[in-house]
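Structure, as structure tokens:
Throughout, a chain's letter reflects where its sequence line sits, starting with A, and its residues are numbered from 1.
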Number of protein chains: 2
Amino acid sequence: MSLRMALLGLLTAYGPASGYDLAKSFERSVAHVWQAGHSQIYPELAKMTADGLVTVEAEGARGRKIYAITPEGGAELRAWLISHDPTGPARNEVALQAFLLPLLDPGEALAVLERLRAYTERKLAELEALHAVKHASPVPEGATTGVRFGNLALDLGIRQTRTTLAWANDTIAAIGRRA
Amino acid sequence: MSLRMALLGLLTAYGPASGYDLAKSFERSVAHVWQAGHSQIYPELAKMTADGLVTVEAEGARGRKIYAITPEGGAELRAWLISHDPTGPARNEVALQAFLLPLLDPGEALAVLERLRAYTERKLAELEALHAVKHASPVPEGATTGVRFGNLALDLGIRQTRTTLAWANDTIAAIGRRA
DNA sequence: AATTACATGTAAGCGGTTACATGATTGT
DNA sequence: ACAATCATGTAACCGCTTACATGTAATT
């Protein structure tokens, strides 16, 4: 369902687009919160067309199909946002490694934590770069809260990444003291 | 792979157990970082037996099979912890809803954020209750860092949940000002 | 005797990944 | 001519969920 909603969201915010365009949008804007490749997007768009949530508005060169969101699609997206509780089953690889970490001896655990910290630092730098760029981008159609599309998620992402980084640093310090 | 590692971790920490026991352990201890039902666990244990990572140590009443981790299993777990980068594809439902939120008008967006906040508050209370209980639990076998098994993940989870809660509160305040 | 908890498995189906396959257009 | 990019799709496979299916032991 989430893939569907992400696609409807992109079509609402940026207007009609092809499967190819949408796949690019996933790589660029949505990548940090949701991922999908073209092999997943094309069949999904076909299903969504059958369900009346989108329509093939036009067909361009090279068999390019331009999809547009329908009123039903818009309603579906709004309904999902308003009433769907994000009960995504907890499945967090970083947290799982953290969970199992005490099974290693202190030296090894420290090495793992250092790796985790480096990884988190890279991710934070990426998000903060995106944050800087964002202020130059145009406000897309469809944004009614006055907040730029995607900015709330970026803020959340940066905060969470900073939290993970702080945890890694504190844990390295705590285990380091014992080792 | 992660399910495999979670199972090996539980067998290392708590000693030999049946598929049934492991399913219970998932519900209790690992639930916040990884989820798995018995229908996933039983076939996985069979595959792990075939791969020599665990052995059926004993068979009890009601066809109960007790699995024990083998040296190969232990090596596999350690290798994974030490060298596997947790590149779990970003797929976060809360963040996706945050991403799409500006498509709603301010009143609706506020309602969604309130729901998100309530959900996060419940989760935080749960984790903090677990934190309180933890101090009474025994230190299991296999913990070599001196940190109790699962405590690092719990700390991380509490921090992240607090961060999400703060984000929800701040965003409610920010949008509320505009509405 | 009936219910609950223990205990194990299988099957259908969905969401997602990787790889395969094809062809048109544009730029060098 | 060749390469890169545009553009769409399919197939095999894996991980996971939900539901089906079966039977045993302990409790009330």
Measuring from the side chain of [X] (C-beta onward, heavy atoms only), which nucleotide among [options] has the closest atom?
| X | options | value |
| --- | --- | --- |
| B:R62 | D:dG9, C:dT8, D:dG23 | D:dG23 |
| A:S39 | C:dT17, C:dG15, C:dA5 | C:dT17 |
| B:K65 | C:dG9, D:dT8, D:dT17 | C:dG9 |
| A:R91 | D:dA7, D:dC16, D:dA25 | D:dC16 |
| B:Y20 | D:dA25, D:dC6, C:dA7 | C:dA7 |

Self-check item: Residue that, paired with A:R159, satisfies side chain to side chain donor-acceptor pair (under 3.5 Å) out of B:T163, B:D170, B:T164
Solution: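 The single option meeting the side chain to side chain donor-acceptor pair (under 3.5 Å) with A:R159 is B:D170.
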Is the closest basic N to carboxylate O distance between [X] and [Y] below 4.0 Å?
| X | Y | answer |
| --- | --- | --- |
| A:E44 | A:R4 | yes |
| A:R162 | A:E128 | yes |
| B:R64 | B:E59 | no |

Between atom [atom1] in [X] and atom [atom2] in [N], what is the gap in whole Å?
| X | N | atom1 | atom2 | value |
| --- | --- | --- | --- | --- |
| B:F26 | D:dG15 | CZ | C1' | 13 Å |
| B:E27 | C:dA7 | CD | P | 14 Å |
| A:I41 | D:dT10 | CD1 | C1' | 16 Å |
| A:M5 | C:dG15 | CE | C1' | 14 Å |
| B:L7 | D:dC16 | CG | C1' | 14 Å |
| A:Y67 | D:dG9 | OH | C1' | 10 Å |
| A:L45 | D:dA7 | CG | P | 14 Å |
| B:H38 | D:dC20 | NE2 | P | 13 Å |

Do the side-chain N or O atoms of [X] get closer than 4.0 angstrom to the phosphate oxygens (OP1, OP2) of [N]?
| X | N | result |
| --- | --- | --- |
| A:Q40 | C:dG16 | yes |
| A:K24 | D:dA7 | no |
| A:Y42 | D:dT8 | yes |

Self-check item: Sole candidate of A:L3, A:L8, A:I69 that passes side-chain contact (heavy atoms from CB on, under 4.5 Å) when paired with A:M48
Solution: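 Of the listed residues A:L3, A:L8, A:I69, the side-chain contact (heavy atoms from CB on, under 4.5 Å) partner of A:M48 is A:L8.
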Quiz item: When you match A:A36 and B:R64 each to their closest nucleotide on DNA chain C, which lands nearer the 5' end?
Solution: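 Going by which nucleotide is closer to the 5' end, it is B:R64.
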Quiz prompt | Toward the 5' end of DNA chain C, by each residue's nearest nucleotide, A:W34 or B:D21 | solution =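 By nearest-heavy-atom nucleotide position, the 5'-most residue is B:D21.
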